[in-house]
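Please read the structure below before turning to the comments.
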Number of protein chains: 2
Amino acid sequence: MRMGEGVEWGLHCCLTLAWLGDDRPVPTARLATWFDLPPAYLAKRLQALVRAGVLASTPGARGGFSLGRPPERITLMDVVTAIEGTDDAFRCTEIRQRGEGGGGALAREFQRPCGVATAMRRAELAWRRELAGQTVADLMAAAPPGAADRTRRTYARMTG
Amino acid sequence: MRMGEGVEWGLHCCLTLAWLGDDRPVPTARLATWFDLPPAYLAKRLQALVRAGVLASTPGARGGFSLGRPPERITLMDVVTAIEGTDDAFRCTEIRQRGEGGGGALAREFQRPCGVATAMRRAELAWRRELAGQTVADLMAAAPPGAADRTRRTYARMTG
DNA sequence: GATGTCTTACTCGGATAGCCGGTGTCCGAGTATGGGCGG
DNA sequence: CCGCCCATACTCGGACACCGGCTATCCGAGTAAGACATC
């Protein structure tokens, strides 16, 4: 079970955009060179974040991406679901009903949800709850002091 | 992010073996027809559970698979890690160090773990803790009454 | 009847192929900025 | 000086190729139980 790289990209991009503030949008190419990522593929992931409302995109010249909400209202769950989708990692295919093992059971029992799926879902809910409890602002607060200044300085040197 | 089907298979197989008790091992082919699964591929997953000590395999005639431990000591975490591996779903590739964005930071900062990775890891630990807190015995207790008897009867009719 | 051997049934492990989704790239369409041109 | 038009820069969305991992299958080797033959 592996999560796509896009989640790491998206989180770091959100964090960087939060450091810079949204005085000016940041184009895809700049974020790509910032983290040394393939520009076209990164753009696909950022567009997914826009569709979820996490980021906002301003088209045209001097355009680019900026935060769609203040950092306190962007949870890690928002970023993960925007990029990875809303499906659970564990998907119950109802194998309990298939084959000869399922033939012996009454149809009434299958109206109740599968116990295995319920147990797995409980664990995923704990995961989601933890992700929903942390925001981009929390990431900023946990970063070492001076990170905001250094980010802005480095960005100014790049764009200058 | 999707989890392999093998986890669902393994959990249901463990549950079925727990219902039947370990008076006699169950061969792969019987479990495959029980759930209507491809026998050779199912065998691969069961072998992974054997390597983890969750199941025990008895070779030779009248051989098959049985539980390696009592159901109270088999957690869902054991089954998941045996089949899916021990790697975290989120893997930090340290993109914070790459590109021009990382160039401006001091090398000393990178000795501290990445804040994004730490946050994601916290959520995965909650997931793992929840999985480790539920055992196969708990699944048996949560099942509707009479499931054990029906499983044994259906199995006896199959093998008879 | 006891012992050794043979057949059978099953697991084990590796090799191999197909397939799906994530990864990565490219191109055309749409849009806003800024400069240039004409009135 | 004002207004219109165009070039530019960027996003958006889709189409396409590539690759790794999951899915799936097959086969030979090893092992234990039961049947059989032999003494």
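Every chain is numbered from 1, with letters handed out A, B, ... down the list of sequences.
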Task: Nearest-0.5 Å distance that lies between atom CG in A:Leu46 and atom CZ in A:Arg51 - done: 10.5 Å
Task: Residue closer to the 5' end of DNA chain D, A:Thr58 versus B:Gly4 (nearest nucleotide) - done: A:Thr58
- [ ] Would you kindly give the CZ-to-P distance between B:Phe65 and C:dA9, to the nearest whole Å?
- [x] 18 Å
Task: Whole-Å distance separating the CE atom of B:Met3 from the C1' atom of C:dG22 - done: 18 Å
TODO: Using a cut-off of strictly less than 4.0 Å, decide whether B:Arg45 has a side-chain nitrogen or oxygen near OP1 or OP2 of D:dT23.
DONE: yes
Open item on the list: Using whole Å, what does the distance between atom C1' of nucleotide D:dG21 and atom CD1 of B:Ile83 come to?
Closed with: 16 Å
- [ ] Pick base, sugar-phosphate or nothing for B:Gly64, based on heavy-atom distances below 4.0 Å to the nucleic acid.
- [x] sugar-phosphate
- [ ] For each nucleotide in nucleotides 13-18 of chain D, reading 5' to 3', give B when a protein heavy atom comes within less than 4.0 Å of its base, S when such contact involves only the sugar-phosphate, and - otherwise.
- [x] BBB---
Task: Along DNA chain C (nearest heavy atom to each residue), the more 5'-positioned of A:Glu84 and A:Pro59 - done: A:Glu84
Task: B:Arg69 and B:Asp78: CA distance, side-chain angles, deciding distance, salt bridge (charged side-chain N to carboxylate O under 4.0 Å, His left out) verdict - done: CA-CA 11 Å; B:Arg69 299 196 282 268; B:Asp78 295 330; 3.0 Å; yes
Open item on the list: With a 6.0 Å cut-off (strictly less than), is the heavy-atom count around CZ of A:Arg24, excluding the residue itself, greater than 12?
Closed with: no
- [ ] Drop me the distance from A:Asp36's CG to B:Gln97's CD, to the nearest 0.5 angstrom.
- [x] 12.5 Å
Open item on the list: Please report the distance, rounded to the nearest Å, between CG in B:Leu42 and P in C:dC10.
Closed with: 15 Å
Open item on the list: Is it the case that over 12 heavy atoms from other parts of the model lie below 6.0 angstrom from the CZ atom of B:Arg62?
Closed with: no
- [ ] Answer yes or no: does a side-chain N or O of A:Arg2 lie under 4.0 Å from OP1 or OP2 of D:dC22?
- [x] no
Open item on the list: Distance check, rounded to the nearest 0.5 Å: B:Met140 atom CE versus B:Trp19 atom CH2?
Closed with: 4.5 Å
Task: Integer-rounded Å distance: D:dT23 C1' and B:Glu8 CD - done: 15 Å
Open item on the list: Tell me the closest heavy-atom pair linking A:Arg128 and A:Thr86, and the distance in Å.
Closed with: NH2-O, 3.2 Å
Task: Pairing of B:Asp87 and A:Arg2 as salt bridge, 4.0 angstrom limit - done: no
Task: Separation of C:dG22 P from A:Met1 CE (nearest whole Å) - done: 14 Å
Open item on the list: Quick check on D:dT25: is either OP1 or OP2 less than 4.0 Å from any side-chain nitrogen or oxygen of B:Tyr41?
Closed with: no
Task: Pairs where residues 5-18 of chain A contributes a residue and the test side-chain hydrogen bond (donor to acceptor under 3.5 Å, both in side chains) is met, not counting sequence neighbours - done: A:Glu8-B:Thr93
Open item on the list: Nearest to the B:Ala61 side chain among C:dG24, C:dT8, D:dA9, which nucleotide is it?
Closed with: C:dT8
TODO: Return the value, rounded to whole Å, for the distance between atom CZ of B:Arg62 and atom C1' of C:dC10.
DONE: 11 Å
Task: Distance, nearest 0.5 Å, that separates CZ of A:Arg96 from CG of B:Leu11 - done: 13.5 Å
Open item on the list: Please report the distance, rounded to the nearest Å, between CG in B:Leu46 and C1' in C:dG13.
Closed with: 15 Å
- [ ] Scan residues 25-40 of chain B against DNA chain D and write down, sorted by residue number, each residue with any heavy atom closer than 4.0 Å; if none is found, say none.
- [x] B:Pro38, B:Ala40
